4 protein chains.
Amino acid sequence: MSSDLRVGLVGFGYWGPNLARVFNSQPDCRLVAISDRSEERRRAARLLYPDVEVSSDDRLTTADDVDVVLIATPVSTHYGLARAALADGKHVWIEKPMTASSEEARELVELAEARERVLLVDHTFLFTSAVRKMKEVIAAGELGEIYYYDSVRINLGLLQEDVNVVWDLAPHDFSIMDHLFDRAPLALSAHARGHFGTGMEDVAYVTVFYDNDLMAHFHLNWLSPVKLRRTVVGGSRRMLVWDDLNPEERIKIYQKGAEVTSREGAYGIQASYRVGDMTSPALSNVEALKAEADYFVECIREGKRPFNDGEAGLRVVSLLEASDRSIERNGEVVEL
Amino acid sequence: MSSDLRVGLVGFGYWGPNLARVFNSQPDCRLVAISDRSEERRRAARLLYPDVEVSSDDRLTTADDVDVVLIATPVSTHYGLARAALADGKHVWIEKPMTASSEEARELVELAEARERVLLVDHTFLFTSAVRKMKEVIAAGELGEIYYYDSVRINLGLLQEDVNVVWDLAPHDFSIMDHLFDRAPLALSAHARGHFGTGMEDVAYVTVFYDNDLMAHFHLNWLSPVKLRRTVVGGSRRMLVWDDLNPEERIKIYQKGAEVTSREGAYGIQASYRVGDMTSPALSNVEALKAEADYFVECIREGKRPFNDGEAGLRVVSLLEASDRSIERNGEVVEL
Amino acid sequence: MSSDLRVGLVGFGYWGPNLARVFNSQPDCRLVAISDRSEERRRAARLLYPDVEVSSDDRLTTADDVDVVLIATPVSTHYGLARAALADGKHVWIEKPMTASSEEARELVELAEARERVLLVDHTFLFTSAVRKMKEVIAAGELGEIYYYDSVRINLGLLQEDVNVVWDLAPHDFSIMDHLFDRAPLALSAHARGHFGTGMEDVAYVTVFYDNDLMAHFHLNWLSPVKLRRTVVGGSRRMLVWDDLNPEERIKIYQKGAEVTSREGAYGIQASYRVGDMTSPALSNVEALKAEADYFVECIREGKRPFNDGEAGLRVVSLLEASDRSIERNGEVVEL
Amino acid sequence: MSSDLRVGLVGFGYWGPNLARVFNSQPDCRLVAISDRSEERRRAARLLYPDVEVSSDDRLTTADDVDVVLIATPVSTHYGLARAALADGKHVWIEKPMTASSEEARELVELAEARERVLLVDHTFLFTSAVRKMKEVIAAGELGEIYYYDSVRINLGLLQEDVNVVWDLAPHDFSIMDHLFDRAPLALSAHARGHFGTGMEDVAYVTVFYDNDLMAHFHLNWLSPVKLRRTVVGGSRRMLVWDDLNPEERIKIYQKGAEVTSREGAYGIQASYRVGDMTSPALSNVEALKAEADYFVECIREGKRPFNDGEAGLRVVSLLEASDRSIERNGEVVEL
């Protein structure tokens with residue numbers, strides 16, 4: 001029988017407390033150390049986890065009694081922390097986006113391979129019951145040929161200092177499309193503007209091109225008075241809407257479609273439309289982060305490579321870099 | 001006392017019946033002639049208007065006993081019909097988009113000027129109580145500096161043969177922005193795809209650039225399982241949402257905003273957010289098309305130039321042409 | 001081949017124009033006469049139907065050249081008009097509620113029988129695709145045992161002078177339940193209040209009792225700031241929601257239910273819940289009133305008795321009388 | 001300087017963990033003891049609060065080192081636990097409904113008075129920003145004369161063993177109306193049915209009568225496929241809707257109303273309608289339970305009597321008893 005995995009967490013800011021909560025209750029893990037640079041956050045951590053060692057020292061990532069390192073710090077620090085942990089033989093879980101550059105990401109991928117450690121990038125959405133259902137529906141061919149993927153992620157807040165709105169919100173869509181579609185994007189174009197003189201874009205539109213006229217598009221916005229999280233996937237046979245803020249009807253599948261039935265005659269194109277039932281499937285209530293933690297442990301135990309591994313994280317970072325490049329060049333299409 | 005204006009209508013397809021209904025009940029007008037090439041539509045017109053002359057002959061546009069010509073035919077025919085009518089001294093009302101090219105539109109503008117006739121392009125939305133309220137709110141400076149205009153016009157239907165989804169739906173946003181903003185767009189970029197091998201794009205994204213980092217964006221889509229008509233205008237003081245499918249709360253004004261309060265310190269940028277009341281103003285129930293017909297008559301009676309005149313129609317056609325050019329060049333930014 | 005039915009319409013107020021429009025285009029009918037006591041309404045009728053005889057004389061109901069009389073006047077006049085028409089051998093269509101008393105209704109039923117004429121009461125909702133779907137679903141046993149029927153019909157408006165809110169809105173639910181359920185109500189109780197000193201109640205709650213603990217309830221309200229038209233039918237196997245103001249998802253069927261699994265043990269009752277998919281079936285777009293007019297003509301042609309005949313109208317009027325009686329007696333349960 | 005209040009909690013089931021969390025972080029309190037009869041729940045409590053004494057012994061309510069007792073057990077046990085605690089000089093916080101009978105409640109009120117202890121009944125909703133706003137709006141006379149209060153609390157679950165749906169959900173509305181309105185209800189009537197043979201009603205309708213034709217009504221339902229929490233308050237000047245499941249627009253205030261303008265003439269009653277702006281006020285995000293805990297401590301410190309004291313709890317229990325009586329007597333109106 002294998003003993004518990006000893007887990008250290010770096011970063012107890014916005015997302016870190018969720019990792020602490022989930023790994024603290026994961027049956028095969030023991031949360032043993034938390035570090036954060038803020039005194040206030042360390043106090044919060046101590047209050048909640050009186051038995052865990054809490055410090056300001058990032059070096060827990062290489063401490064002897066730690067098997068697994070969870071990295072939930074600002075993006076710019078991911079690479080250094082992960083490299084140190086991997087180099088020291090730890091398994092590593094990194095928050096998204098994986099790193100600040102594809103070069104850094106590539107290095108981590110190689111290091112994880114060389115040291116035979118599990119490197120997972122936390123794209124939590126992939127473990128939600130909504131995305132699992134979408135994956136299942138698309139994989140079964142229910143939507144037919146995919147025509148477009150359109151995503152809206154807008155709300156008021158949180159202007160950030162080290163990433164723009166693309167790096168903040170697009171990793172969700174890049175990783176979800178990477179997971180759902182069995183093909184790689186060919187090119188992308190992005191437009192964005194910032195309105196506060198900080199050099200950080202707060203409103204952005206990203207368009208991604210695949211073969212067969214599949215087009216994906218995201219509206220990403222930190223300055224919206226309303227909060228929306230809605231993705232539409234249009235296919236030749238069915239269409240799907242994922243509204244993440246409608247907990248009772250998160251996924252809707254429409255038996256709707258269009259077909260060109262004739263191109264002759266006085267009126268040229270004749271189209272017909274199918275309008276059938278809509279179904280909103282029941283989704284399980286399992287917490288996505290718990291499912292992901294279980295999967296991470298399973299990968300470690302069985303020496304498996306997670307599907308959201310460093311390679312997947314690297315692909316997302318490359319798309320973020322391409323978006324930045326396109327924004328700089330005023331929307332120029334960037335080949336991938 | 002002036003006598004009634006004698007009105008002839010060309011085209012009794014999708015929109016023509018609305019023009020017939022409204023002008024038939026306009027107190028200063030008399031609907032005297034309707035023409036359509038389809039026998040079936042002529043039958044429908046005769047049933048509804050037994051006292052009106054119904055024929056297949058477009059030449060009513062130049063008939064002696066007609067003062068005003070309403071043109072509600074496919075776009076490609078607008079130019080020829082309007083030119084003949086203006087040349088013969090008629091006042092002209094053209095459906096949007098005004099013409100199939102800016103060259104045609106320019107010629108009509110000149111002809112209307114030369115013949116001193118009223119030339120109005122039917123951008124009906126400008127006469128809705130929702131757009132009037134938006135105009136009032138923006139003109140009063142209530143939104144502060146405008147950051148972005150984001151519009152979603154998506155639904156299932158109507159694949160068309162002579163225009164793509166941009167020419168079908170973007171005239172709404174181009175004309176509304178032309179009406180709301182006191183400045184001209186500087187450039188635009190558009191991406192689109194068609195999925196039926198007809199050469200007509202059915203999904204499109206258009207981005208328009210103004211000075212001061214004002215960015216506008218439209219999602220236009222004939223292949224969406226859900227119908228949405230929603231525009232968000234984000235400003236520095238307030239934000240506004242226009243949801244045209246929510247008749248009880250069509251306009252919402254949010255006392256919400258963001259401000260960068262500091263760029264120093266450990267965490268760099270500090271932003272603060274204002275979250276105040278939302279107000280949904282009562283809107284009048286006047287039918288937009290009736291209001292526009294009254295305004296058209298008023299312009300004819302008083303020799304006034306309508307704000308939605310040929311020049312306004314031309315500006316919209318120029319933006320549609322620029323969109324097509326950008327689509328052909330794979331989203332290249334087109335200066336205006 | 002039978003000749004056209006000649007149709008006379010009495011009353012051109014709120015609903016009459018819809019009857020005129022539908023019967024004017026019904027292939028087997030010819031609208032030949034319209035009467036209304038208001039000069040203004042007669043003008044409106046003449047404008048729309050220049051070939052129809054328009055008068056202020058109700059006696060068209062007995063005119064020789066009329067086969068069918070449609071009655072769309074205030075409730076208090078239904079009885080007199082219908083009696084005259086039936087006595088003279090006309091087929092009769094009466095708006096809901098059928099009459100001002102069950103005694104009047106009973107007399108009309110007998111007269112229609114004696115004269116062998118078709119007497120139909122216009123409960124339009126029974127011909128909507130939504131109620132047809134509900135009927136189909138319930139008849140097929142899909143909901144299992146019906147536990148409750150809960151209906152909310154609230155909005156701002158229209159305080160009326162000759163009926164209270166129950167007589168205005170409850171006929172919808174009484175007739176729908178009469179149509180959907182294969183059993184008669186056993187008793188009812190109603191509470192209501194008026195707030196304008198007119199003697200007319202503007203807010204009412206009606207509870208109807210059936211055997212097997214099936215309970216129905218309506219909230220009827222003319223003083224609500226929001227408009228709602230929503231009915232929930234809860235059954236042992238499935239539950240159904242009909243939201244008549246949501247045109248894209250008018251009917252939703254939920255695979256949800258509760259079951260008592262044990263009544264033993266420390267915690268007493270153990271219940272389990274089923275939470276499965278929700279389906280919103282596609283509904284046809286046929287106009288209900290058109291379908292009802294076709295059905296009326298079919299009944300006349302084939303000598304059939306419509307399911308929404310005088311008996312059905314009488315049952316509804318009896319329930320309205322019982323509601324009034326319960327309101328007068330402060331909510332006392334009235335046996336039926 | 002006063003020392004911390006030592007807090008003991010009885011019951012760690014559905015609501016107890018929330019009390020533990022809030023009182024654990026209340027600056028003037030120290031959570032020192034938790035008791036629950038279930039071994040599983042005690043384990044959960046120990047995991048979360050390793051420093052708190054956790055036991056199965058209810059007698060903590062009288063332990064010397066406890067100043068305050070929080071009672072979050074099934075209703076039937078409230079009286080015994082509270083009596084013991086008060087008798088021993090503890091301040092007491094009881095979950096709603098206060099007791100299983102008004103007799104029990106009255107005794108506790110007297111005991112709290114005699115021992116000069118604070119007795120608070122947890123009607124949490126009174127501390128939400130939504131109800132505070134409603135109180136403020138109504139107290140300022142903004143709604144004018146109140147015509148009706150209509151509340152819908154429906155969802156699927158939780159069939160309970162020791163209370164019916166009225167005792168589960170009506171305490172919310174009874175306590176809110178007690179708080180909002182400056183007058184006492186005069187009478188009530190209730191209809192309910194159970195569908196599982198357990199003797200517990202799962203669907204109920206309660207109507208409450210006040211003077212001046214103010215009528216209140218609740219729809220309470222454990223068998224609804226959809227979850228709704230919506231209250232409409234109709235007044236002569238304005239109307240208010242509280243939708244507790246719409247976090248972004250929880251309260252809406254409508255400048256809508258009706259007025260009878262004439263009772264003469266051909267059409268009898270003439271009504272006019274005001275339809276003005278709707279405003280959704282910004283609400284604070286303070287957690288209601290935290291605010292209530294602070295208020296409880298303040299009452300203890302300053303020897304004040306909370307507005308949600310034992311008397312308020314007793315009034316609610318009396319209304320619940322009256323509801324049961326009316327249900328037993330088939331909806332008979334019960335004078336209060």
Side-chain angles (χ1 to χ4, degrees), chain C residues 37-38 145 147-148 150 152 154 156-162 187 189 191-198 200 202-203 205 207 209 213-215 217 219 221-226 232 234 236 238-241 252 254 256-260 263 266-271 273 275 278 330-333, chain D residues 37-38 145 147-148 150 152 154 156-162 187 189 191-198 200 202-203 205 207 209 213-215 217 219 221-226 232 234 236 238-241 252 254 256-260 263 266-271 273 275 278 330-333:
Chain C
R37 296 193 173 176
S38 143
E145 188 190 343
Y147 290 155
Y148 65 87
D150 180 87
V152 175
I154 67 177
L156 187 65
L158 300 170
L159 294 178
Q160 292 178 20
E161 56 144 357
D162 68 338
S189 161
H191 295 289
R193 287 290 184 277
H195 298 89
F196 296 97
T198 64
M200 284 298 165
D202 42 50
V203 178
Y205 298 97
T207 315
F209 305 96
D213 290 324
L214 166 55
M215 183 163 50
H217 185 271
H219 174 200
N221 192 325
W222 281 338
L223 295 180
S224 167
V226 287
V232 184
S236 60
R238 288 209 175 86
M239 296 175 176
L240 184 152
V241 176
K252 292 181 179 178
Y254 294 82
K256 286 190 172 179
E259 217 170 321
V260 168
R263 292 164 200 190
Y267 291 93
I269 298 164
Q270 300 290 323
Y273 299 91
V275 179
M278 177 272 279
N330 202 10
E332 196 181 297
V333 171
Chain D
R37 295 193 173 176
S38 143
E145 188 190 342
Y147 290 155
Y148 65 86
D150 180 86
V152 175
I154 68 179
L156 187 63
L158 302 168
L159 295 177
Q160 292 177 20
E161 56 144 356
D162 66 340
S189 161
H191 294 290
R193 287 290 183 278
H195 298 89
F196 296 97
T198 64
M200 285 298 167
D202 43 50
V203 178
Y205 299 97
T207 315
F209 306 96
D213 290 324
L214 165 55
M215 183 162 51
H217 185 271
H219 175 200
N221 192 325
W222 281 337
L223 294 180
S224 167
V226 286
V232 184
S236 59
R238 288 209 175 86
M239 296 175 177
L240 184 154
V241 176
K252 293 180 178 178
Y254 295 82
K256 286 191 173 178
E259 216 170 322
V260 169
R263 292 164 201 191
Y267 292 93
I269 297 164
Q270 301 290 322
Y273 298 91
V275 178
M278 176 273 279
N330 201 11
E332 195 181 298
V333 171

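Predicted model, so just to flag it, every value in this text is computed and none were measured. Note on naming: letters A, B, ... go to the chains in the order of the sequence lines (proteins, then strands), and numbering restarts at 1 for each one.
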query = How many angstroms lie between NE2 in D:His195 and CG in C:Leu214, if you round to the nearest 0.5 Å?
reply = 7.0 Å
ask   = In terms of heavy-atom proximity below 4.5 Å to chain C, should D:Ala192 be classed as side chain, backbone, both, or neither?
value = backbone
inquiry  = Out of C:Arg238, C:Met239, C:Met278, C:Glu332, return the one with the most heavy atom pairs under 4.5 angstrom to chain D.
reply    = C:Met239
query = Checking D:Val203 against chain C: side chain, backbone, both or neither under 4.5 Å from a heavy atom?
reply = both
query = What option among D:Val232, D:Leu240, D:Asp162, D:Thr207 has the most heavy-atom pairs under 4.5 Å with chain C?
reply = D:Thr207
inquiry  = Let me confirm one number: the CG-CG distance from C:Asp202 to D:Asp213, rounded to the nearest 0.5 Å.
reply    = 9.0 Å
inquiry  = Taking side chain as everything from C-beta outward and backbone as N, CA, C, O, which of these in D:Ser236 sits under 4.5 Å from a heavy atom of chain C? Side chain, backbone, both or neither.
reply    = neither
ask   = For the residue pair C:Pro225 and D:Lys256, what are the closest heavy atoms and their distance?
value = O-NZ, 2.9 Å
remark   = The interface call for D:Val275 against chain C, heavy-atom contacts under 4.5 Å, is side chain
query = Does a side-chain heavy-atom distance below 4.5 Å link D:His191 with C:Met215?
reply = yes
inquiry  = Less than 4.5 Å apart, side chain to side chain, heavy atoms only: is that true for D:Asn221 and C:Tyr148?
reply    = yes
message = For a quick test of reading the model, state the closest non-hydrogen atom pair linking D:Val333 to C:Asn330 and the distance between them.
response = CG2-O, 3.2 Å
task = Flag the pair C:Arg193 / D:Tyr147 as yes when at least one side-chain heavy-atom distance between them is below 4.5 Å, and no otherwise.
result = no
